[in-house]
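A short write-up of the structure that comes next.
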Number of protein chains: 2
Amino acid sequence: MAITGRRPLSRRRILETAVRFVDREGLDALSMRKLGGELGVEAMSLYNHVPNKGALLDGMVEVLLGELEVPPESDNWEDRIREAYRRFRRMAHDHPDIFSLLITRPPEAMYGVWLAEEFLKTLREAGFEPRMALHAFRALNSYTVGYAMAEIRNFALEPGGSRMGAQQLSEDEFPRLSELKPHLEDVDRDAEFEFGLGLIFAGLRERA
Amino acid sequence: MAITGRRPLSRRRILETAVRFVDREGLDALSMRKLGGELGVEAMSLYNHVPNKGALLDGMVEVLLGELEVPPESDNWEDRIREAYRRFRRMAHDHPDIFSLLITRPPEAMYGVWLAEEFLKTLREAGFEPRMALHAFRALNSYTVGYAMAEIRNFALEPGGSRMGAQQLSEDEFPRLSELKPHLEDVDRDAEFEFGLGLIFAGLRERA
DNA sequence: TCTGTTGACTTACACTGTATATTTACCTCG
DNA sequence: CGAGGTAAATATACAGTGTAAGTCAACAGA
């Protein structure tokens with residue numbers, strides 16, 4: 001009988017299993033029954049630990065944000081903030097579907113308070129007024145979220161993004177896009193991301 | 001008998017009805033049966049004009065992007081681009097759920113080619129090298145998408161966002177957030193958005 | 001008028017989230 | 001040891017989902 005007793009179910013274990021499952025099979029594949037199966041349990045058992053599927057999704061986001069660590073203090077505030085956003089972006093790469101969830105769902109709880117607090121502290125110590133710190137915070141957030149999301153979709157808003165080869169777009173209808181084509185393949189995304197951050201920092205420095 | 005003949009079904013009419021429906025009832029409320037009902041028709045009839053629900057969603061995005069107009073030529077390239085992003089952001093406000101779809105779904109077709117082409121043309125004429133134009137394009141896109149999305153979620157990553165009053169966060173645990181609280185309410189979002197754009201433009205000007 | 005095609009309808013199926021009721025497993029107390 | 005209570009897993013059920021397959025009626029062109 002000892003054998004039959006599986007590892008005990010818990011909110012934590014459910015959420016972590018769900019994260020792994022979605023990373024592996026995609027968000028659309030996630031159903032309460034399949035997740036139950038993954039845990040060797042009936043679907044309804046999950047409801048003892050999670051009120052409904054929406055809360056499950058929120059919980060998965062929570063898990064991910066919980067794993068984010070604030071970079072260590074440093075005398076270079078810009079580097080520290082850059083590093084924080086690097087980690088955020090890496091999270092998007094590692095868990096694309098859940099990242100989409102994160103930026104899509106109107107969450108109940110306040111997820112990233114520590115992150116925000118730490119971030120603002122850094123900016124304030126760097127000399128920004130509260131209001132300006134808020135603007136900077138939001139600008140950097142927006143840029144990073146947007147860039148990471150575009151990467152996840154493989155820049156699908158642009159031509160050359162994921163599928164379409166260039167054969168489709170005629171050179172005289174879209175000359176600018178065509179001339180860009182050779183570059184599209186070999187852009188270093190890490191560098192491009194940092195470049196974009198740099199643009200914002202440059203603007204901020206002007207106004208600090 | 002003439003009366004019974006409803007306005008004819010068509011892909012176009014289906015998509016436009018779906019857009020209105022989602023704007024009114026939310027994306028979760030959209031089902032093939034309800035959309036059929038909206039059009040006075042059975043669910044399965046929709047499949048004569050749309051291969052499946054995914055294509056329906058893509059089509060809705062397509063409709064919205066089709067309504068986006070490129071601002072008229074102007075001798076001030078920066079203003080022109082700003083205006084384009086203003087319209088993009090306005091679209092997000094007017095159709096929040098579909099905007100989420102737009103940035104979330106990996107699309108089949110190349111949606112915004114004209115927009116991209118026109119945009120790049122402007123940047124190239126402003127003197128940017130193709131590669132730099134691409135970076136600028138992506139940076140501005142990312143920022144705008146991210147900001148608009150944050151607005152839609154009412155900046156829910158931050159405290160004070162939508163729900164939580166400040167009562168929740170203790171002043172000595174989160175001093176920076178607390179000092180920010182009075183500002184959170186009366187930030188002019190239009191101005192803040194423009195400010196963020198300005199940061200990026202400033203950085204670009206340095207490097208043009 | 002006959003015929004072929006198009007598009008709407010009907011039915012059916014597998015699957016979803018979850019409310020409700022029931023059973024099982026375990027802990028504590030006598 | 002057994003009894004009782006409690007928490008959690010299960011079983012059953014229902015309304016709603018996307019959509020495959022088959023039917024049927026209205027219209028087009030010959």
Side-chain angles (χ1 to χ4, degrees), chain A residues 1-22 24-62 97-98 100-101 104-108, chain B residues 1-22 24-62 97-98 100-101 104-108:
Chain A
M1 55 245 19
I3 304 293
T4 74
R6 307 283 287 112
R7 195 143 59 97
L9 214 47
S10 75
R11 177 181 138 93
R12 188 82 212 172
R13 200 159 84 85
I14 290 174
L15 295 181
E16 282 166 4
T17 307
V19 167
R20 278 196 309 271
F21 182 86
V22 167
R24 179 161 34 89
E25 313 267 349
L27 185 61
D28 292 347
L30 179 71
S31 80
M32 300 304 266
R33 278 174 249 255
K34 285 194 211 142
L35 180 56
E38 202 80 1
L39 289 153
V41 113
E42 294 302 312
M44 289 310 290
S45 303
L46 305 174
Y47 286 87
N48 286 316
H49 304 91
V50 157
N52 52 48
K53 190 176 183 183
L56 174 73
L57 300 180
D58 287 341
M60 295 165 62
V61 170
E62 189 190 319
D97 280 15
I98 306 175
S100 304
L101 229 67
T104 280
R105 287 182 66 80
E108 296 280 314
Chain B
M1 56 223 46
I3 305 295
T4 75
R6 308 283 287 110
R7 196 143 58 95
L9 215 48
S10 75
R11 178 180 138 93
R12 188 82 213 172
R13 200 157 85 86
I14 289 174
L15 296 181
E16 282 166 4
T17 308
V19 167
R20 279 196 308 271
F21 182 86
V22 167
R24 178 160 36 88
E25 311 269 350
L27 184 60
D28 292 347
L30 179 71
S31 79
M32 299 303 267
R33 280 175 245 258
K34 286 196 210 138
L35 180 55
E38 201 80 2
L39 288 152
V41 114
E42 294 302 313
M44 288 311 289
S45 303
L46 305 175
Y47 286 86
N48 288 316
H49 303 92
V50 158
N52 51 49
K53 191 176 182 183
L56 175 74
L57 301 180
D58 288 340
M60 295 165 62
V61 170
E62 189 191 318
D97 281 14
I98 306 176
S100 304
L101 231 63
T104 279
R105 287 181 67 77
E108 296 280 314

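Chain letters run A, B, ... following the sequence lines, proteins first and then strands; every chain starts at 1. Just so it is clear, the model here is predicted, and its values are computed rather than measured.
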Quiz item: So do B:Leu30 and B:Asp97 actually touch side chain to side chain, heavy atoms under 4.5 Å?
Solution: no
Practice problem: May I have the distance from A:Leu46 (atom CG) to D:dT10 (atom P), rounded to whole angstrom? | Solution: 10 Å
Quiz prompt | With B:Arg11 via side-chain hydrogen bond (donor to acceptor under 3.5 Å, both in side chains) - residues at least two apart | solution = B:Glu62
Quiz item: Over how many whole Å does the gap from A:Glu42 atom CD to D:dA7 atom P extend?
Solution: 22 Å
Quiz prompt | Phosphate contact (D:dA7 OP1 or OP2) by A:His49 side-chain N/O below 4.0 Å | solution = no
Quiz item: Rounding to a whole Å, what distance do you find between A:Leu9:CG and D:dT10:C1'?
Solution: 13 Å
Quiz item: Base, backbone or nothing for each nucleotide of nucleotides 15-21 of chain D, written B, S, -, heavy atoms under 4.0 angstrom, 5' to 3'?
Solution: --BBBBB
Quiz prompt | Contacts of type salt bridge (Lys or Arg N to Asp or Glu O under 4.0 Å), residue B:Glu25, not counting sequence neighbours | solution = none
Self-check item: Spatial distance of atom CZ (B:Arg33) from atom CE (B:Met44) [nearest 0.5 Å]
Solution: 9.0 Å
Practice problem: Give the rounded distance in Å between these two atoms: CG of A:Asn48 and P of C:dT23. | Solution: 17 Å
Quiz prompt | Distance, nearest 0.5 Å, that separates CG of A:Asn48 from CG of A:Leu9 | solution = 8.0 Å
Quiz item: Taking the side chain of B:Ser45 as its heavy atoms from C-beta onward, which of C:dC9, D:dA9, C:dG7 lies nearest to it?
Solution: C:dC9
Quiz item: Side chains of B:His49 and B:Leu15: does their closest heavy-atom pair fall under 4.5 Å?
Solution: no
